[in-house]
Amino acid sequence: MDTLQHDGDEMEWKESARWVKFEEKVEEGGERWSKPHVSTLTLHSLFELRTCIQTGSVLLDLEGYSLPQIVDDIVDRQVADGLIGPELREKVSFVLLRKHRHQHKKPIHLSLADMGKSNNSPTNPSQSRSMNDISDKPSTDQMKNKFMKKIPRDAEASNVLIGEVDFLDKPFVAFVRLAQATTLGGLTEVPVPTRFLFVLLGPHGKGKSYNEIGRAIATLMVDDLFSDVAYKARDRDDLVAGIDEFLDEVIVLPPGEWDPKIRIEPPKKVPSADMRKSVLNLNELGQVNGTAGGPGGGEDEEMPTPHELGEELQFTGRFCGGLWLDIKRKVPWILSDFSQGFHIQSISAVLFIYLGCITNAITFGGLLGDATDNYQGVMESFLGTALAGTVFCLLGGQPLIILSSTGPILIFEKLLYESNTIDYMELRLWIGLHSCLQCLILVATDASYIIKYITRFTEEGFSSLISFIFISDAIKKMVGSFKYYPINRVFKPDYVTTYRCDCIAPDQAAAMAFNVSVPLADDNMTDLYNLTGLDWSQLSKKECVKYGGALLGNACKYVPDLALISFILFFGTYSMTVSLKKFKTSRYFPTKCRSLVGDFSIIISILVFCGIDYLLGLDTPKLHVPTEVKPTRPDRGWVVMPFGKNPWWVYVASGVPALLVTILIFMDQQISAVIVNRKENKLKKGCGYHLDLFWVGILMAVCSFLGLPWYVAATVISIAHIDSLKMESESSAPGEQPQFLGVREQRLTGILVFVLTGVSIFLAPVLQYIPMPVLYGVFLYMGVASLAGIQFWERIKLYLMPAKHQPDFSFLRHVPLRRVHLFTLVQIICLAVLWTLKSTVAAIIFPVMILGLMVVRKMMDLMFSQHDLAWLDDILPEKDKKKEKDGKKKKDNKRTKAAEPESDEEFLLHADSFPLVSPPPPSATAQKSPPSSSEDTHGHHRPSFST
C-alpha cells in the first residue's frame, strides 16, 4: 500500500505497508519494517470499502501493459461513467503517475525540487509523464531485494494507492483486475507482476479513513477466500458478495476491553480457508481428515474421521496380492529414493543415527555375549546390524525404518541357550528357518491387514513403553558409573597434608626369590637383577604391584570423581541438543544459520563434549569397538551347518518356539511401521508393510545361517531418523511459521548408516575418543524426543494441571475431563503391566501382551461412547459403517432443514440485525459461493500479496 505524500507543490507515492500474509508497517521513526502482525480492521472501514466497490469503477480483465496506459483507462472509465468531469482527467493522471518511493530508498523530494517549480499544476500529459521514471523492467534495487525470498513462487501483486488531493470534492475509487499480470516497473517493492490495483483519492480531511479503507482491501486481497473471488469475479456484485462473506466471518473486539494499538502476534497455525468454504455443519462426521490430538482451532470443529490406514492394508484375497501391490507402489520412486538423499540435512541424520546404532550394537552385543557364552557377541552384533540394515534400507518397503535387536529377542536367546542340552547354534538356525517360512506365509496371505485394528491406544502404549525403556536404560547406565567410579566422600581438604601412599618393599626372602627379566634395547640380552636394589619410593602404583610391593596409606584407594564429570557429559549432551533444536525457532541469526544449527544440533553437542573430555584428559569410560573381524568365540565359524549335531526331531520341533519368535517379529515390526507411517509425518511414497515383513523374514534365515543376531524395526531410532529428516517450507511469509512439508523420503541415509556401522572396525582409533556418557545422553534425547506429539503423554500431564491452565486441546472441548482422565488411567495401567512383564523373564510373551492391548481397546467400547473414542482414540474398523450411515443421515437432515423457507418473523429478525448493509441481489447471492481454489480466469493457480 502506497500513500500520497506532499512536500509543498511536489508529490510522491511512499510505501506505507505491505502484506504477504500478515501486515507490516513502515516504522517512520526507525526507518524499518515493523514486526509482522495480524491486521486489525475497523468494522466501519469494511462497510465503507463495500460502498466504494458498489459506487466506484470496477474494471475486470483490463488489457494493460504499462502504468500510463492503465491510468488512462481508469480515468477514461471514470469520465465515461460520469464520476469525474473531463477537466479533472489530467490532474488525476498527473497524481497517479508520481514516483514511487519504497522503504529501502531515501526521500526523493530534493531531486524533484531541482527540476523546477514553474508549473504548480501542470496540465500537459507529456510533462506529467516526464516527471516520473516509469519503466517496464525491474530496477537493480528491486532485483537485489532479499525480501523476494519470502514471497511464494508465481505470486502476483495487488497495489493499493491511497491519497488526498485538493481538486476533488468526492472520492475517486477504482478497482482493477488485469487480464494478465504485468510488471509495472517501480510500482512494487520487488519485481513481482501486478494483477490488481485499487485506487482511492479523495478530498483533504479524511486521510485516516482512506488509510483504513486501503488496509481493509489489502487485508482482503491476502485472504485466501476473497482472493479466489477476486480472480473469478464477473462483475462488481461478485466482489460485494465476497466482502459479505468476509463480514460473516469477522470477529469484533469490544473497544473498551482491548487496546487497538496492540499488535497481535501471528498464530503458530493458521486455520485453512477450506473450513469456511464448506456449506455443511462443521460438526458433522467425516468432513475433514482431522486429528484429535492437536490444539484446537475455532469453536466449530469436526469430529476426527474413522481410523484409516490407506489401501496398503486392504485384504486383496490373492496369493501375495499385498506384496505385489507394495512392489508396484515402490518401483516408480526408485530414482528419487536416492536422488533426494543428496542434501546437507542427510549428513546430520547419518551421523546422528550412526552413533545411536553403534551404541545399541555394542550394548546389545555385550549383553548377548554374556547370555550365550560368547556364541554371539559384539562382533556378531556389528556385522549383523550392518548386513540386515543395509539390505532392508536398499530393498525394503519403508527405508526410513531402522532395524535393530530388541529386548524380547535377547531374553529369548538367553532362555534358548540355558534351557537346552543340545547344540545351541544348530537349534537356533532351525528356529530361524521356521520363523522365516512363517513370515513368508503371513506375507503371502496378506496377514498384515490385521494391523488396521491397531488404533492410537495400542500405538501410543507401545511407543511410550519403548521410549521409557530408552530413557530408563540411559539413566541406569549413567547411575552405574557412580558404582565403578564412586565419589570420594571421606576426602577432607583440610587434612590433605596427611594423605599419602607409599610403596613398601616385600620382605627380603620374598625379594630374593622374586627376580624379573628386563629386555635391553641394545642387544636384546636379559639382565637379571635383585629387587632389593630398586628405589621402591619412586615406583608407580602399577609397578609397585607388579614387582610384589605393598601400597600403604590413606590415599592409595583414591578414585578421581569420574562419576561427576560423566554426569556432566551425559546431561550436558542432552540439554545442549534440546537447546540447539529449539534454536531453530529462536529470533537470533538468519533463518539458514538457525536451520543449519538445528539440523546439526546432535552432532554439535557430541563434538563439544567430546572436546571437553579430551581437554580435561580424564579416564572416563570410552567407546570400545572390535578391531579384528573374527567370531567372538574362537571355536565357532562364520557359517552354521544345519545337520550333524542334533537329533532329527529337533528340526521339526523347532517350529514351536519359532511361532513365538514370529509373533514377536510380526508385532514389533508392524507396530513400529504403523508409527513411522502415521499421517502426521506426511509421507508421500506410500507404505510397504508386506514388503517389509518379507525382507525381515529373509534376513532372519540369512542371519541364522551366519550365526548373527535377529533384527526387527527399532521404534525409537526410527522415530529419531524421521525427526532428523523433516522438511519445512523455506519461503514462508514474514510472521508465518515455517510449514511442515513432510519427511525427506529416501534410502541413502539408512544405507550409509549401516555401511558405516560395518566399517566401524576400521574407525576404532577415532571412535575410542567418544566417551560413553555422551552416547548415553544421545539415548536420553532419543527417548524424550520420541514422546513428543504423543497424545497419551499430553493427557498424563493434564493430571498435574488445574483446569484453567490446561492447553486448548480439541479433545478437551468435546469430551468431559473426567472421561479423559479415565481413558488415560486405563492406558497407564496397561503400560505398568507391560513394564512389569518387560522387567521379568515373562518378557518373552511381550508380543502376546501387545495383542492383549488390542483386546483391552475392544473392551473399552463398552466403557466409552463412540463420540468420546473418536476424539481420544480411533474408531475401530467395524464401527466405520455405522458411523458413515449416521453421518449421512445427519447430513440429509441438515440439508432438509436448510431447504425449509424462513418464517416472516425470522426474516424480519435477520433483516433488523443488519441495518447498515442492504442484502445483495439474488444474482449476487447465487454467485457468493467462492471458488474452491486460487485460479485465475485461465485456470492457473496464483498466490497473491498486497503492497
Peer 1: Between the side chain of Asp326 and the main-chain N/O of Leu691, is any donor-acceptor distance below 3.5 Å?
Peer 2: yes
Peer 1: Can you label the angle between the His434 ring and the Trp430 ring as parallel, tilted or perpendicular, going by 30° and 60°?
Peer 2: tilted
Peer 1: Check whether more than 12 heavy atoms from other residues, nucleotides or ligands sit under 6.0 Å from atom CE of Met859, and answer yes or no.
Peer 2: no
Peer 1: Would a distance-only check, ignoring hydrogens and angles, find a side-chain to backbone donor-acceptor pair under 3.5 Å from Asp337 to Gln746?
Peer 2: no
Peer 1: Strictly by modelled atom types, are Gln669 and Ser672 linked by a side-chain donor-acceptor pair under 3.5 Å?
Peer 2: no
Peer 1: Tell me, please, which residues at least two apart from Lys581 pass salt bridge (Lys or Arg N to Asp or Glu O under 4.0 Å).
Peer 2: none
Peer 1: Side chains of Gln376 and Ser381: is there a donor and an acceptor less than 3.5 Å apart?
Peer 2: no
Peer 1: Who passes salt bridge (Lys or Arg N to Asp or Glu O under 4.0 Å) against Lys684, sequence neighbours left out?
Peer 2: none
Peer 1: Any luck finding a side-chain donor-acceptor pair between Thr385 and Tyr711 under 3.5 Å?
Peer 2: yes
Peer 1: Any donor-acceptor pair under 3.5 Å linking the side chain of Asp873 with the backbone of Phe457?
Peer 2: yes
Peer 1: For the residue pair Thr715 and Ser463, confirm or rule out a side-chain donor-acceptor distance under 3.5 Å.
Peer 2: no
Peer 1: For Phe864, is the NZ or CZ atom of Arg819 found under 6.0 angstrom from the centre of its six-membered ring and inside 45 degrees of the ring axis?
Peer 2: yes
Peer 1: Does Arg428 count as lying over the ring of Trp710, i.e. NZ or CZ under 6.0 Å from the six-ring centre, within 45 degrees of the axis?
Peer 2: yes
Peer 1: Spell out, as yes or no, whether a donor-acceptor pair under 3.5 Å connects the side chain of Lys685 to the backbone of Gly397.
Peer 2: no
Peer 1: Which of parallel (below 30°), tilted (30 to 60°) and perpendicular (above 60°) describes His821 and Tyr799?
Peer 2: parallel
Peer 1: Just jot down the side-chain contact (heavy atoms from CB on, under 4.5 Å) partners of Leu706, sequence neighbours excluded, or say none.
Peer 2: Leu387, Val639, Val702, Leu708
Peer 1: Ignoring hydrogens and geometry, is there a side-chain-to-backbone donor-acceptor pair from Thr757 to Val753 under 3.5 Å?
Peer 2: yes
Peer 1: With a 4.5 Å limit on heavy-atom distance, are the side chains of Phe809 and Val820 in contact?
Peer 2: no
Peer 1: Take Glu460 and Arg795 through the test salt bridge (charged side-chain N to carboxylate O under 4.0 Å, His left out) and record every step on the way to the result.
Peer 2: CA-CA 12 Å; Glu460 292 187 341; Arg795 284 189 272 106; 3.5 Å; yes
